[in-house]
Amino acid sequence: MPQLQYPIASDGLIVDVRLTADSKGVTSMLDAGERPPMAFARALIDTGSDVTVVSPTLLHQIRATLHGTNKTTGIGGATTVRLHLASLYIFNASSVHDPWIVRSDLIVMELPVAIEFDVLIGMDVIRTCRLHVDGPSKRFSLDG
């Protein structure tokens, strides 16, 4: 099981991520002779979010497949959001030889409002990993 270790940042539990389209979308692009786009970002682990959330800019950049719409309720009340299919890769940019945690064909929610982060990793991903926060040592790890 891959284990990634990070320092706890002043703005929370931050990890490095790469995003691509879902596996079917990547295969279609490769079959068409196209190079599938990818996006890199810093992501915040957000235990208050049920699903992983990605900015519209990144979803457009990777050409994520629209999966549908759904209702969500946040601090500002209920709103309709778009859902997309994407593949998420969690890694540690400061330790490139560490393994990556991969979640292919993940249903992600399009971020309905602009915030400081382009990706919020929600409980849909966290439930598939082991998250250990060591507050006194100012470190956390994610085992995938």
Side-chain angles (χ1 to χ4, degrees), residues 2-133 135 138-144:
Q3 182 184 66
L4 301 171
Q5 295 187 8
Y6 300 89
I8 296 175
S10 60
D11 46 358
L13 306 180
I14 310 299
V15 297
D16 306 301
V17 297
R18 181 181 86 177
L19 293 157
T20 64
D22 63 293
S23 58
K24 186 177 178 182
V26 167
T27 300
S28 295
M29 288 179 231
L30 290 172
D31 288 346
E34 300 174 32
R35 183 176 176 189
M38 63 181 74
F40 291 89
R42 288 179 14 152
L44 175 68
I45 293 180
D46 183 2
T47 60
S49 178
D50 290 331
V51 298
T52 296
V53 182
V54 179
S55 73
T57 302
L58 290 184
L59 291 169
H60 178 74
Q61 182 179 339
I62 65 168
R63 296 170 32 198
T65 304
L66 182 63
H67 185 70
T69 60
N70 201 359
K71 292 264 187 199
T72 188
T73 303
I75 239 172
T79 188
T80 300
V81 293
R82 298 190 321 169
L83 303 175
H84 297 267
L85 287 172
S87 292
L88 175 74
Y89 306 82
I90 305 169
F91 67 102
N92 188 340
S94 65
S95 185
V96 294
H97 298 295
D98 285 352
W100 291 26
I101 296 171
V102 179
R103 296 297 177 264
S104 299
D105 303 330
L106 185 65
I107 297 172
V108 299
M109 184 176 81
E110 185 174 311
L111 189 62
V113 295
I115 61 168
E116 182 180 346
F117 293 94
D118 285 324
V119 179
L120 301 176
I121 296 177
M123 290 301 295
D124 57 338
V125 171
I126 298 167
R127 277 190 207 97
T128 67
C129 301
R130 181 176 296 129
L131 174 64
H132 178 80
V133 179
K138 297 181 180 145
R139 301 209 45 82
F140 74 98
S141 63
L142 193 61
D143 300 354

Say whether, by atom type as modelled, one donor and one acceptor occur between the side chain of [X] and the main chain of [Y] under 3.5 angstrom.
X: Asn92; Y: Gln5; result: yes
X: Thr52; Y: Gly122; result: yes
X: Ser95; Y: His97; result: no

Taking only residues at least two apart or on different chains, which pairs with a member in residues 107-131 satisfy salt bridge (charged side-chain N to carboxylate O under 4.0 Å, His left out)?
Arg82-Glu110, Arg130-Asp143
Of all pairs that satisfy salt bridge (charged side-chain N to carboxylate O under 4.0 Å, His left out), the ones with a partner from residues 42-66, not counting sequence neighbours:
Asp11-Arg42, Glu34-Arg63
For residues 12-27, please give each side-chain donor-acceptor pair under 3.5 Å, one per line with the distance, not counting sequence neighbours.
unit_1	atom_1	unit_2	atom_2	d
Asp16	OD2	Ala93	N	2.7
Asp22	OD1	Thr65	OG1	2.9
Asp22	OD2	Lys24	N	3.4
Asp22	OD2	Gly25	N	3.4
Ser23	OG	Asp105	OD1	3.0
Ser23	OG	Asp105	OD2	2.8
Thr27	OG1	Ser23	O	2.9

For Phe40 and Phe91, take the angle between the two ring planes, folded into 0 to 90°, and tell me which bin it lands in: parallel under 30, tilted 30 to 60, perpendicular over 60.
perpendicular
Within the 4.5 Å heavy-atom criterion, are Ser141 and His132 side-chain neighbours or not?
yes
Any side-chain heavy atom of Ser87 within less than 4.5 Å of one from Val102?
no
Minimal non-hydrogen separation, [X] against [Y], with atom names:
X: Leu58; Y: Ala41; result: CD1-CB, 3.9 Å
X: Ser55; Y: Leu111; result: CA-CB, 3.8 Å
X: Leu4; Y: Pro99; result: CD2-O, 3.0 Å

Test side-chain contact (heavy atoms from CB on, under 4.5 Å) applied to Ile121 and Leu142, step by step:
CA-CA 12 Å; Ile121 296 177; Leu142 193 61; 5.7 Å; no
Taking it one step at a time, do Leu131 and Cys129 satisfy side-chain contact (heavy atoms from CB on, under 4.5 Å)?
CA-CA 6 Å; Leu131 174 64; Cys129 301; 5.9 Å; no
In Å, rounded to the nearest 0.5 Å, how long is the span from [atom1] of [X] to [atom2] of [Y]?
X: Leu83; Y: Thr69; atom1: CG; atom2: OG1; answer: 7.0 Å
X: Asn70; Y: Ile107; atom1: CG; atom2: CD1; answer: 9.5 Å
X: Ile101; Y: Gln3; atom1: CD1; atom2: CD; answer: 9.0 Å

Please report the C-alpha distance between Val53 and Ile115 in whole Å, then the side-chain angles of each, then the deciding distance to 0.1 Å, and finally whether the side-chain contact (heavy atoms from CB on, under 4.5 Å) criterion is met.
CA-CA 11 Å; Val53 182; Ile115 61 168; over 6 Å; no
